[in-house]
Amino acid sequence: MPDIDGINEAKQYYTDVPQTAKRYFLKGSDSLDWGMKNRLGRIFNPVSGKTVMLAIDHGYFQGPTTGLERIDLNILPLEPYADTLMLTRGILRSIIPPDTQKSIVLRVSGGTSILKELSNEALALDIEDAVRLNASAMAVQVFIGGEYEKETIINMTKMVDMGMRCGIPTLAVTAVGKNMVRDAKYFRLATRICAELGAQYIKTYYVPEDFETVTAACPVPIVIAGGQKMLELDALKMASQAIQAGAAGVDMGRNIFQSDSPVAMIQAVRAVVHDNESPEKAFDLYNTLKK
Ligand code: R5P
């Protein structure tokens, strides 16, 4: 349709103003494609640069974990407070309402149980299903130093290749398993290998000593797992120290859903992660909300 007479002259092209492009807020992610950045931006809050992922995928190798026996009853009340749900496609399809506004990180590796060698995993989901489920990222276990180290690394690189084709980031989950020496030296090795081989972000455990060297040596964001249940204040201190040492958030499970008050705990974790609240003040918040 032609321009209406006279409107043409009124157009403003700002010919003297160069087009600007905002730098992407996440570490090491500026060269990614638009779809991948958009998905990462649904996991990480663009204002704080951080995320509170709620990890509820434990059942994929250990069955109905304490606190996850009834996800419909125990976990759905936490959903409003999480940035992201990390879970299997089985739980997603059977229990999570499809109208959720939360981003989804799908567990895509599996094939073993606590009864056998845990590192003997394979890819357990086709990328087409991740696309169908509108996943914001896909999580693969990588057992650096484990018996099936090479196989799990290759699982990850295959997922990275498929994810690049579809614009879905891959989250490498490292250092989970039995008998691991969990120190900064090991975590530097494990996280760096995953990043070098293409994972868009990494999940690992926190160690009090030198964790800032782990985040510094990893060119992409790191989120920390919560690990075994501890006292609420201790879990908040761990989350806070990890954030101060450069972590981009938490992917926490048992320390939230096994808490005396999971709804209060996830809000206290949010305060530490997104608002830089001190663990003590966040613990006060926990106690207030618990009542
Ligand atoms: C580990 O492989 C599981 O997939 C969990 O997602 C992970 O361990 C985080 O949960 P938690 O905070 O309970 O350690």
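Just so you know, these numbers come straight off a predicted model, no measurement behind them. For ligands, and for the atoms within them, numbers begin at 1 and follow the listed sequence.
- Short contacts between ligand 1 and R254, defined as distances under 4.0 Å to a heavy atom of the residue, involve ligand atoms 11 (P), 12 (O), 13 (O), 14 (O).
- Smallest separation of non-hydrogen atoms from R270 and A82: NH1-C, 3.9 Å.
- Annotation for ligand 1: atoms under 4.0 Å from non-hydrogen atoms of Q141 are 1 (C), 2 (O).
- On a distance-only criterion, Y60 and ligand 1 share no N/O pair closer than 3.5 Å.
- More than 12 heavy atoms of other shown residues, nucleotides or ligands fall within 6.0 angstrom of atom CE in M230.
- The aromatic ring centres of Y206 and F187 sit 6.0 Å or more apart.
- Listed by number with element, the atoms of ligand 1 under 4.0 Å from a non-hydrogen atom of M252 are 12 (O).
- Taking every non-hydrogen atom of D251 and a distance limit under 4.0 Å, the qualifying atoms of ligand 1 come out as 9 (C), 12 (O).
- Under a cut-off of 6.0 angstrom, the local environment of NZ in K27 is crowded, with over 12 non-hydrogen atoms contributed by other residues, nucleotides or ligands.
- In this structure, D57 has a heavy atom closer than 4.0 Å to ligand 1.
- Using a 4.0 angstrom heavy-atom cutoff, N255 does not count as in contact with ligand 1.
- Contact annotation: Q228 has no heavy atom less than 4.0 Å from any atom of ligand 1.
- Residue F61 places no N or O, backbone or side chain, under 3.5 Å from any N or O of ligand 1.
- A side chain to side chain contact (heavy atoms under 4.5 Å, CB included) with Y148 holds for exactly one of T112, L118, N120, I154; it is N120.
- With rounding to the nearest 0.5 angstrom, the CE atom of M159 is 12.0 Å from the CG atom of L171.
- Listed by number with element, the atoms of ligand 1 under 4.0 Å from a non-hydrogen atom of H58 are 5 (C), 10 (O), 11 (P), 13 (O).
- The closest side-chain donor-acceptor pair between T174 and T191, if any, does not fall under 3.5 angstrom.
- Between G226 and ligand 1, an N or O atom pair is found at a separation short of 3.5 Å.
- Near M86, meaning under 4.0 Å from one of its heavy atoms, ligand 1 places the atoms 6 (O).
- Ligand 1 is never approached by K229 to a heavy-atom distance shorter than 4.0 Å.
- Using modelled atom types, no side-chain atom of K229 and backbone atom of S259 make a donor-acceptor pair closer than 3.5 Å.
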